[in-house]
There are 2 protein chains.
Amino acid sequence: MEKVGRKERERQAHRGEILRAAEKVFAGKGFFQTTMSEIAHEAEFGTGTLYKYFKSKEELYFTLIDEKTEEINRLVNAELCRGTSVKERIKNVLNLEFQFIEKNRDFFRIYVSERSRFEWTVKDELGKKIHEKMVTYIRHLARVLKEGVDRGELKPMEPLDMAHALTGIVNSLFFEWLISPHPYPLISKANTVFEIFLRGTEKMERRK
Amino acid sequence: MEKVGRKERERQAHRGEILRAAEKVFAGKGFFQTTMSEIAHEAEFGTGTLYKYFKSKEELYFTLIDEKTEEINRLVNAELCRGTSVKERIKNVLNLEFQFIEKNRDFFRIYVSERSRFEWTVKDELGKKIHEKMVTYIRHLARVLKEGVDRGELKPMEPLDMAHALTGIVNSLFFEWLISPHPYPLISKANTVFEIFLRGTEKMERRK
DNA sequence: TTAAATAGTGAATATTCGTTCATAAAATGA
DNA sequence: TCATTTTATGAACGAATATTCACTATTTAA
């Protein structure tokens, strides 16, 4: 086991402060319009200091995304691996996600812009790594949905399509919440998502 | 009626060529990583010439988005205003959209990145205008869905939520298609979207 | 034919950052 | 205390690029 001294702990604290400052500034103005000196100012460090902790602007940015993505992925995967019914797990994952998003509004402003950016996925090593993580998540979800199909809980459809549809609904409502000027609890939409995804919007006659 | 001479027609043709070149380059590398001289080169004009047609890089970019958005909006709205059943109209709109997207792949790479960018919506006059158009479309869709609710075709839910859910599913599958390395006809997914949106994914016992 | 107007050009300009580095300040420990 | 190591700093450097403008080529119309 590693013994970490005060020195090291302090270093990590500073790193964390820089990351938090970066999160805030990037969330407001996007990658390209954010300058290193703005981040430095927000973090109350000199510009040069940032480079003692991160090799470049890009590395700072991707580290930020990478660490938070890792965190939410761990949470969600844990729930997806439970032994309960598929429907139950989906419901819980939605609640988890919405809670996490609500607690990390700034971060998700960044995340949502990143999701639909092609510019790096090709070029950059870091960019590829992030993209991998997003893909992994979808595939994990699809596997669970397939389990639902096999068990007869869900209709026989292509699980990847279902997974995309579900995350699509989530993203769309969550995006709306992000830009809404009068914020309401996002969690209040979790049930709507679940309901539409499972049972659709068409009115049907029920027979007892 | 305006009589347009050869001169004017030629000018418009050049403008169009510049827009087409810009579309291509922006789609590949995004707004910030595209340079005016790349666009000029692609369009086979000098750098300075671009400024004879567009006031700035931003104006060029937004004009591009604005004009195509207008086009798809016209198409879709026409269908949404038909007198057929709501379900019928939704189905047709999905087909229209998917066809249009398939024909304008480059443009939609740009569009999809723009959808989730906050950076301008606040700052810029042009940016605001685009954002308005996106909102207008959603509201229009929601109005039709409300009609479906009132007529008893759809379940009684918040129409805006339904509209967001539907566009969410569309965007998600369409995005997947965009980044897919082995392109398949996007139109083949129209039915999946319609099916999930209307009837959901849950398997139910049917009774005759 | 020729003068005036228009369209096109790309090198030069000015600005904006990402990054570096010589120095200062602080911490360490002998 | 004083020498050494570590950490922080922000001015200065250099690359990138949006925009301008003095100039050329082309078209117009008198």
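Just so it is clear: chains get the letters A, B, ... in the order the sequence lines come, proteins before strands, and each one is counted from 1. Below, each value reflects all heavy atoms present in this structure, side chains not excepted, and no hydrogens, waters or symmetry copies.
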Atom-pair distance (CD on A:Gln33; P on D:dA16), nearest Å
20 Å
Grab the NE2-P distance between A:His14 and D:dT6 for me, whole Å please.
17 Å
How would you list all residue pairs meeting salt bridge (Lys or Arg N to Asp or Glu O under 4.0 Å) that involve residues 47-56 of chain B, not counting sequence neighbours?
B:Lys55-B:Glu59
For B:Lys24, look at atom NZ and say whether over 12 heavy atoms of other residues, nucleotides or ligands are found less than 6.0 Å away.
no
So A:Phe26 and A:Tyr61, would you call those rings parallel, tilted or perpendicular, with 30° and 60° as cut-offs?
perpendicular
What about A:Phe175 and B:His164, are their ring centers closer than 6.0 Å?
no
Can you confirm whether or not the ring centre of B:Phe98 sits under 6.0 Å from the ring centre of B:Phe174?
no
For residues 35-44 of chain B, which residues have at least one heavy atom under 4.0 Å from DNA chain D?
B:Thr35, B:Met36
List in numerical order all residues of residues 45-57 of chain A for which some heavy atom is under 4.0 Å away from an atom belonging to DNA chain D.
A:Phe45, A:Gly46, A:Thr47, A:Gly48, A:Thr49, A:Lys52, A:Tyr53
Chain A reaches DNA chain C, atoms under 4.0 Å from its heavy atoms, from C:dC17 to C:dT28
Would you call B:Glu67 and B:Arg15 a salt bridge, taking side-chain N to carboxylate O under 4.0 Å as the test?
yes
Salt bridge check, B:Arg82 against B:Glu88: does any charged N sit closer than 4.0 Å to a carboxylate O?
no
Is it true that the NZ or CZ of B:Lys189 lies under 6.0 Å from the centre of B:Tyr184's six-membered ring and within 45 degrees of the ring axis?
yes
When the side chains of residues 140-148 of chain A are checked against the rest of the protein, which donor-acceptor pairs come out under 3.5 Å, sequence neighbours left out?
residue: A:Lys146; atom: NZ; partner: A:Asp150; partner atom: OD2; Å: 3.0
residue: A:Glu147; atom: OE2; partner: A:Arg89; partner atom: NH2; Å: 2.9
residue: A:Glu147; atom: OE2; partner: A:Arg151; partner atom: NH2; Å: 2.8

Once salt bridge (Lys or Arg N to Asp or Glu O under 4.0 Å) is applied, do any residues pair with B:Arg139, and if so which ones, sequence neighbours excluded?
none
